[in-house]
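The structure under discussion appears below in the form of structure tokens.
Hydrogens, waters and symmetry mates play no part in the numbers below; they use all other heavy atoms, side chains included.
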Amino acid sequence: PLLRRAHTLLAHLAHFYMHSTFPSLTVMPACLAVPLVQVSDRLGLPPLLTYADTGLWTWRLRDKALGLRADNVERTTLSTSSSSEHAFFALSFFCELYGPDLLRLMSASLDEAFFADATALTRISTYLGSISRLVDELTALLAAATKGEFGPAGRERISPEAFYWEIRPWFNGGKWTYQGVGDDGKDLTMEWGGPSAGQSTLVHALDLFLGIDHAPRRPSTKTQAKTEAAAVQVEEANGARVEAPAAAAEVVDDKAALHKAPSDATFMQRMSHYMPGHHRAFLRHLESLHSLNPAAPDAHVLPSLRQLARQHPHRLGPAYDQAVAAMKRFRDMHMRLATVFVVQQARREPARDSVHWPEWEAKRIAKEREREREEARGKAATTAESSRADSASRAEAVRKQDKIAGTGGTDLVTFLKLCRDRTTEALLGRRPPPLPVLRLPDLTDTLSRFSTTGACSLVLSPSQLFCNFSRLSYSH
């Protein structure tokens with residue numbers, strides 16, 4: 001706990017220092033860099049703010065006697081202390097509180113998968129139905145946050161303008177030089193992204209459980225190839241060096257490897273490098289359940305839920321597709337939330353008296369000059385036909401440049417579409433099941449229910465994250 005608290009405080013101090021001037025600094029002094037890197041190495045985390053620092057490790061109960069209730073939780077560390085920032089992290093906190101029930105349902109399903117008889121298949125189908133309902137509750141929660149008020153009694157509200165211009169800039173990562181942290185006290189340059197909801201272990205665990213594959217692959221269509229290329233541009237624009245697609249990257253364990261951002265994996269895979277070590281270990285364990293163990297080649301390999309659904313399409317197919325469709329709806333709503341809080345704000349100019357105005361105006365002028373140059377080149381074309389073709393090609397190039405030259409808003413949606421497409425690919429049927437009526441959950445009741453069952457919680461008991469798969473003796 002003390003190391004986690006140290007990482008949270010040092011990382012916040014580092015971000016305050018790096019972003020307190022405009023433009024942001026790129027060199028972190030040794031008085032901050034050395035302790036931050038040492039603590040980060042102990043925890044297996046990058047030396048900057050992560051989702052764990054901003055969402056998982058920064059809350060406490062106002063009154064311990066009242067237990068875990070929506071109106072009894074406060075944030076311990078914020079960057080701006082604004083109501084919008086409090087509400088933003090409350091949204092992530094409420095989502096994480098679904099972790100205990102979802103992990104228990106996954107554990108129970110894997111227990112039954114070992115037997116895979118008629119009774120086990122019936123139980124798995126029931127568990128998948130429960131998982132679908134819980135994921136739909138998460139979707140309803142995001143929908144409420146997108147429209148306005150959410151949480152118990154609708155007391156929480158995130159201002160899109162405040163989030164984009166006042167809160168989000170403090171979290172940005174980048175290519176920073178950490179003074180005095182290398183061998184013999186040398187400076188070391190590292191490149192990392194900032195905290196993101198994509199670093200939540202919960203969604204990764206659901207993807208692994210359902211067999212939703214986000215690994216790099218060869219595009220099967222021209223449309224998919226364009227989407228893949230756009231996603232690569234997103235990652236490059238966000239500070240990640242992306243090379244040619246390779247095999248899925250393994251989770252990094254050694255400290256030296258944590259000092260550079262992995263470049264051979266998709267965004268979803270790279271996010272695991274920002275997770276606490278025991279969360280990464282849990283995901284690795286969950287993935288290994290369905291692979292042959294080299295140390296025990298004769299041991300039984302547990303079939304995945306996707307394999308069972310394919311082997312028993314009538315018993316498990318509909319329930320499996322319903323769970324995958326729930327994940328697709330969740331990602332659809334995530335795209336809508338990103339549109340409101342990032343894309344729309346990226347297209348609107350900031351206040352003229354804000355520190356963001358000079359950069360915004362400089363980019364606007366640069367875009368106008370580029371368009372003027374392209375138009376001049378188009379007029380000088382030798383034939384009208386080639387002029388039209390060249391103009392269309394150049395207009396498309398300028399449009400793509402606008403995406404990258406902006407703040408990443410539109411590119412973000414392109415990337416999220418890729419994640420959604422990966423989810424859709426996992427459906428066994430041709431069409432997703434019909435959309436259910438999404439109802440906002442009663443969070444007060446949800447919180448009180450979770451407060452008594454936190455054995456597998458991603459938030460409540462990080463040290464007890466590993467679920468005990470009782471019937472398979474998968475306890476750690």
Side-chain angles (χ1 to χ4, degrees), residues 49-62 68-102 134-168 170-171 194-204 206 271 274 326-327 329-345 412 416 419 438-451 457-460:
L49 281 176
T50 66
Y51 179 81
D53 295 299
T54 57
L56 301 183
W57 299 341
T58 54
W59 65 274
R60 66 185 176 193
L61 299 177
R62 291 193 177 97
L68 184 58
R69 290 174 20 179
D71 58 355
N72 192 38
V73 176
E74 63 181 2
R75 312 305 302 186
T76 60
T77 310
L78 295 171
S79 295
T80 66
S81 296
S82 64
S83 59
S84 288
E85 185 180 6
H86 183 280
F88 175 72
F89 290 120
L91 176 61
S92 298
F93 182 80
F94 292 154
C95 290
E96 292 293 338
L97 286 170
Y98 283 85
D101 274 10
L102 286 169
L134 288 176
V135 173
D136 281 334
E137 286 190 16
L138 287 172
T139 303
L141 186 59
L142 295 185
T146 303
K147 294 177 181 177
E149 292 79 10
F150 67 96
R155 289 191 293 266
E156 306 288 354
R157 185 182 184 279
I158 309 171
S159 166
E161 297 84 2
F163 168 76
Y164 188 83
W165 294 111
E166 300 174 16
I167 301 170
R168 189 170 176 259
W170 291 104
F171 303 147
S196 165
Q199 298 165 17
S200 170
T201 313
L202 182 58
V203 176
H204 289 256
L206 284 167
M271 287 300 98
Y274 295 80
M327 289 296 294
R329 292 190 290 271
F330 175 80
R331 290 196 157 103
D332 284 339
M333 188 55 62
H334 188 196
M335 287 176 55
R336 196 174 305 173
L337 184 140
T339 299
V340 171
F341 287 95
V342 178
V343 177
Q344 293 179 0
Q345 306 312 311
L412 173 63
L416 292 176
C419 291
L438 300 181
R439 295 183 176 85
L440 186 64
D442 183 351
L443 283 176
T444 304
D445 175 68
T446 299
L447 291 175
S448 62
R449 182 173 80 249
F450 288 157
S451 65
S457 174
L458 300 182
V459 176
L460 301 180

To the nearest 0.5 Å, what is the distance between CE (M327) and CG (L138)? 9.0 Å
pair L416-H334: side-chain heavy atoms closer than 4.5 Å: yes
Separation between CG (D136) and CG (L134), nearest 0.5 Å, reads 9.0 Å
Rounded to the nearest 0.5 Å, the OG1 atom of T201 sits from the CG atom of L206 at a distance of 11.0 Å
Without swapping roles, check the side chain of R62 against the backbone of V73 for a donor-acceptor pair under 3.5 Å. yes
Do M335 and L142 have side chains that get closer than 4.5 Å, going by heavy atoms? no
T139 and R329: side chain donor to acceptor below 3.5 Å: no
So which heavy atom on I158 is nearest to which on F88, and how close? CD1-CA, 3.5 Å
Side-chain contact test, heavy atoms from C-beta onward, threshold under 4.5 Å: evaluate it for F150 versus F94 and give yes or no. yes
Strictly below 4.0 Å, N to O, side chains only: are R60 and E74 in salt-bridge contact? yes
Specify the closest pair of heavy atoms between L202 and C95, including all atoms of both residues, with the distance to one decimal. CD2-O, 3.6 Å
Between F171 and F89, does the ring centroid distance fall short of 6.0 Å? yes
Minimal non-hydrogen separation, P160 against Q345, with atom names: CB-NE2, 3.4 Å
For S79, is there any backbone N or O sitting under 3.5 Å from a side-chain donor or acceptor partner on E85? yes
When rounded to the nearest 0.5 Å, the distance separating CE of M333 from OG1 of T146 is 6.0 Å
Side chain proximity check, W59 to T76, heavy atoms < 4.5 angstrom: no
Between M271 and H204, is a side-chain contact (heavy atoms from CB on, under 4.5 Å) present by the stated rule, with each step listed? CA-CA 9 Å; M271 287 300 98; H204 289 256; 3.9 Å; yes
Is it the case that the ring center of Y51 lies less than 6.0 angstrom away from the ring center of Y274? no
Got V342 and L337 here, is their nearest side-chain heavy-atom distance under 4.5 Å? no
For the residue pair E96 and S200, confirm or rule out a side-chain donor-acceptor distance under 3.5 Å. yes
CG-CD distance between L102 and E137, expressed to the nearest 0.5 angstrom: 9.5 Å
Using side-chain heavy atoms (C-beta onward) and a distance below 4.5 Å, is L97 in contact with L68? yes
Do I167 and S84 have side chains that approach each other closer than 4.5 Å (heavy atoms only, starting at C-beta)? yes
Is the closest side-chain heavy-atom distance between P195 and D53 below 4.5 Å? no
Go through it in stages, so that I can follow the logic: the residues are T50 and Q199, the test is side-chain hydrogen bond (donor to acceptor under 3.5 Å, both in side chains), and I'd like the CA-CA distance, side-chain angles, deciding distance and then a yes or no. CA-CA 8 Å; T50 66; Q199 298 165 17; 4.8 Å; no
First locate atom CD of E161, then atom CD of Q344, and finally report the distance between them rounded to the nearest 0.5 Å. 9.5 Å
Donor-acceptor contact below 3.5 Å, side chain R75 vs main chain S81: no
For R336, is the CZ atom crowded, meaning more than 12 foreign heavy atoms sit under 6.0 Å from it? no
Closer than 3.5 angstrom, by distance alone: can the side chain of R168 be matched with the main-chain N or O of F163 as a donor-acceptor pair? no
